[in-house]
Number of protein chains: 2
Amino acid sequence: MSDHSQVFVGLNAVILAVTEEEPRILTLRRGDHSVAFPENQKPDPTPAELVDALPFGPLDPARDRTLELALRAWVREQTGIEVGYVEQLYTFGDRNRDPREREGGPRVLSIGYLSLCHEDSIAGGGQARWRPWYDYLPWEDWRGGRPAILERHLEPALDSWIQDAEDRRAAQLRRERIDIAFGLGGAPWDGYRVLDRYELLYEAGLVREAVRDRGATEAAGEEAAAPRLGRPMCFDHRRILATAVSRLRGKIKYRPVVFELLPPTFTLLQLQRVVEALAGQPLHKQNFRRLVEKGGLVDGTGKLSAGTGGRPAELFRFRRVVLRERPTPGVGLPALPEH
Amino acid sequence: MSDHSQVFVGLNAVILAVTEEEPRILTLRRGDHSVAFPENQKPDPTPAELVDALPFGPLDPARDRTLELALRAWVREQTGIEVGYVEQLYTFGDRNRDPREREGGPRVLSIGYLSLCHEDSIAGGGQARWRPWYDYLPWEDWRGGRPAILERHLEPALDSWIQDAEDRRAAQLRRERIDIAFGLGGAPWDGYRVLDRYELLYEAGLVREAVRDRGATEAAGEEAAAPRLGRPMCFDHRRILATAVSRLRGKIKYRPVVFELLPPTFTLLQLQRVVEALAGQPLHKQNFRRLVEKGGLVDGTGKLSAGTGGRPAELFRFRRVVLRERPTPGVGLPALPEH
DNA sequence: AACCAATATGCTCAGTTTGAGTATAAATAG
DNA sequence: CTATTTATACTCAAACTGAGCATATTGGTT
């Protein structure tokens with residue numbers, strides 16, 4: 001076996017918890033083009049260029065029996081967090097996703113994982129920080145109605161990207177993709193196309209990562225003019241995050257994963273707020289209650305929660321046996337109303 | 001960067017086409033513990049131990065800009081097939097998934113891909129063969145009613161696996177998992193849990209791969225006694241196939257991927273047969289027609305198909321604009337009737 | 001020519017699910 | 001004591017779904 005086919009394999013984790021009705025991910029700060037494998041978490045030499053990054057750890061082929069065990073091991077070591085629910089997302093292997101490859105570094109593959117944590121287990125973290133995932137993807141949060149950033153920045157910028165197309169056909173193609181991804185031109189907004197949207201913005205050069213990857217040869221002035229849609233991240237970490245959001249939004253429909261983010265007992269409103277936080281859209285309260293109760297997803301405990309402002313709510317727990325009863329127990333999301 | 005963290009990365013492809021109402025995958029024959037990287041497709045020295053294998057190719061970090069390009073390249077080189085639709089499935093990295101690791105070989109990671117081909121593009125293939133995927137997973141095909149293999153072989157074997165559990169609690173746990181995965185004990189059969197089922201059978205030692213992986217130290221007599229549930233495959237290739245089936249069955253519900261398997265125009269029965277083949281369950285003809293027509297998935301062409309035995313059917317084509325209209329255009333599958 | 005087998009297509013109908021809203025109950029704050 | 005807030009129960013129409021009947025159009029048989 002020749003050496004040329006060897007690559008370096010790392011694992012990236014989107015570690016998620018929902019606190020104060022916000023989905024938050026664990027992020028580190030680090031230099032974008034600097035040490036990628038923080039064996040000692042050494043701080044970056046050039047603080048001006050620090051960027052948010054997903055936690056990262058190498059696969060140690062000698063030690064780690066499985067990929068998932070590898071992930072659990074270094075997450076524990078780096079952050080002290082003992083992750084529960086873990087799911088593989090996607091393997092990212094484009095050349096130059098790690099910029100040091102350009103300077104002769106090895107080809108770096110990254111396997112993305114999603115981990116769900118209960119709110120109370122987020123104590124540790126070391127240098128890590130919990131940040132709302134909508135800081136990185138602000139156009140995905142429709143809980144307060146259509147995000148203003150869409151009309152104010154995103155749509156005009158996408159429009160001029162369409163104008164910039166080579167010819168009429170290319171422009172038509174761009175228009176088509178944008179309409180479907182962003183629910184424009186009469187198309188509905190599809191909450192699951194998170195990755196499509198991010199990739200389109202990247203392609204259109206509307207996220208800082210795109211400008212960065214096209215080479216730092218441009219003038220500083222030009223770079224400053226580049227739009228800053230959402231908080232940027234290291235490497236392709238925002239793409240990994242977008243993958244995680246897509247996956248999770250899809251999955252809550254047919255698997256009871258939400259409960260991995262909740263304490264053992266909770267009120268129905270708490271549950272609803274978590275689902276809304278993930279889905280990025282508001283839900284009809286009474287219908288949501290009907291869905292989870294009649295759907296057999298939860299069981300009342302008879303106990304009441306401490307006052308949350310109004311009438312006390314009953315505490316519920318996840319009804320595990322639902323798995324035996326229905327093939328796809330989850331919370332279906334309604335289509336967003338047209339505008 | 002230390003050398004110990006380097007691994008060998010390969011790509012496995014589940015290349016699928018539906019012909020004669022059967023979903024078929026492209027397979028090679030090769031020695032189970034022999035050369036894993038068929039640079040020259042060299043035939044195996046010990047024909048007695050030949051097993052079916054998924055097409056495989058290495059990632060060449062120097063040449064391949066992206067993983068998908070790598071896949072397309074070696075599939076073209078090896079089989080002459082120019083794949084269209086391609087989708088990444090999962091990355092498999094358990095130690096010893098390639099048995100040569102035991103003898104000091106490098107850690108081998110495999111990234112599984114799913115590719116969908118039109119029926120007419122399956123000419124080439126070289127030494128490769130198209131084989132029905134239900135040869136490998138016969139318990140997944142419910143088109144002719146509940147598969148006999150379930151009652152005849154699978155359920156008794158799973159029952160005795162439950163009996164073999166350490167203690168009552170462990171047995172209870174096994175019972176629970178089996179009921180949910182195989183729709184026993186009142187639970188419904190869930191067509192999407194293909195991977196769950198395969199992994200359970202593997203764990204219970206009911207597929208040949210499990211016997212093989214536990215070491216070839218056992219007597220030949222014992223091995224012969226091992227059940228042969230479905231046609232075995234090389235390494236963990238059947239697991240990859242199970243992942244592909246799971247993914248595809250899930251996806252046809254919300255994305256119009258079926259059309260990747262059909263010619264440009266087709267009759268509604270043809271379309272139905274393909275969906276049935278993938279889902280492994282029969283569908284109600286009139287309702288299916290209503291679903292795809294009212295759902296805006298297809299457009300009539302006005303032309304009629306050559307007689308297929310009865311009244312000629314209208315030819316339809318995929319209605320691409322449906323993507324602009326509905327967020328999740330696909331063919332929802334009904335629950336299978338209880339027994 | 002009449003009839004049968006096979007497939008295609010149109011339509012009905014009841015049961016369920018879904019989206020939206022009204023009404024009432026039980027707590028706290030002033 | 002009243003306004004406010006949250007919880008919970010119930011209603012109603014529209015849409016969707018599962019199941020089946022009925023009719024249409026072909027080729028082959030008698």
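First the proteins, then the strands, lettered A, B, ... as listed; each starts at 1.
Between the P atom of D:dG27 and the CG atom of B:Leu304 lies a distance of 11 Å, rounded to the nearest Å. Distance CZ (A:Arg311) to C1' (C:dA29): 19 Å, rounded to an integer number of Å. If you take CG of A:Asn287 and C1' of C:dT16, they are 14 Å apart, rounded to a whole angstrom. The CD atom of B:Glu314 sits 6 Å away from the P atom of C:dT9 (whole-angstrom rounding). Remark: C1' of D:dC16 and CD of B:Glu293 are 17 Å apart, rounded to the nearest angstrom. The interatomic distance linking B:Leu271 (CG) with C:dT7 (P) rounds to 17 Å, in whole Å. Put simply, NZ on B:Lys294 is 10 Å from P on C:dT12, counting in whole angstrom units. One atom, CD of B:Glu21, and another, C1' of C:dT7, lie 13 Å apart when rounded to the nearest Å.
Listed candidates were C:dG21, C:dA26, D:dA19. Nearest to the side chain of B:His284 is D:dA19. For A:Arg289, taking side-chain heavy atoms from C-beta onward, the closest of the listed nucleotides D:dT8, C:dA8, C:dG10 is D:dT8. Looking at the side chain of A:Pro312, the nearest of the listed nucleotides C:dG19, C:dA26, C:dT9 is C:dA26.
Under a 4.0 Å N-O distance rule, the pair A:Glu21/A:Arg273 qualifies as a salt bridge. Salt bridge annotation for B:Glu155-B:Arg146: present, with a cationic side-chain nitrogen under 4.0 angstrom from a carboxylate oxygen.
Side-chain contact between A:Ser115 and A:Tyr85: absent, with no pair of heavy atoms (C-beta onward) separated by less than 4.5 Å.
Side-chain atoms of A:Gln286 and base atoms of C:dT22 include a donor and an acceptor less than 3.5 Å apart. Between the side chain of B:Arg290 and the base of D:dG18, a donor-acceptor pair under 3.5 Å is found.
Side-chain atoms of B:Thr301 and B:Arg317 form no donor-acceptor pair, as typed in the model, at a separation below 3.5 Å.
If you check every strand for non-hydrogen atoms under 4.0 Å, B:Leu268 touches nothing.
Among the candidates A:Arg324, A:Arg255, A:Arg326, the single residue satisfying the salt bridge (charged side-chain N to carboxylate O under 4.0 Å, His left out) test with B:Asp190 is A:Arg255.
Using a 4.0 Å cut-off, some side-chain N or O of B:Lys285 falls inside it from OP1 or OP2 of C:dA8.
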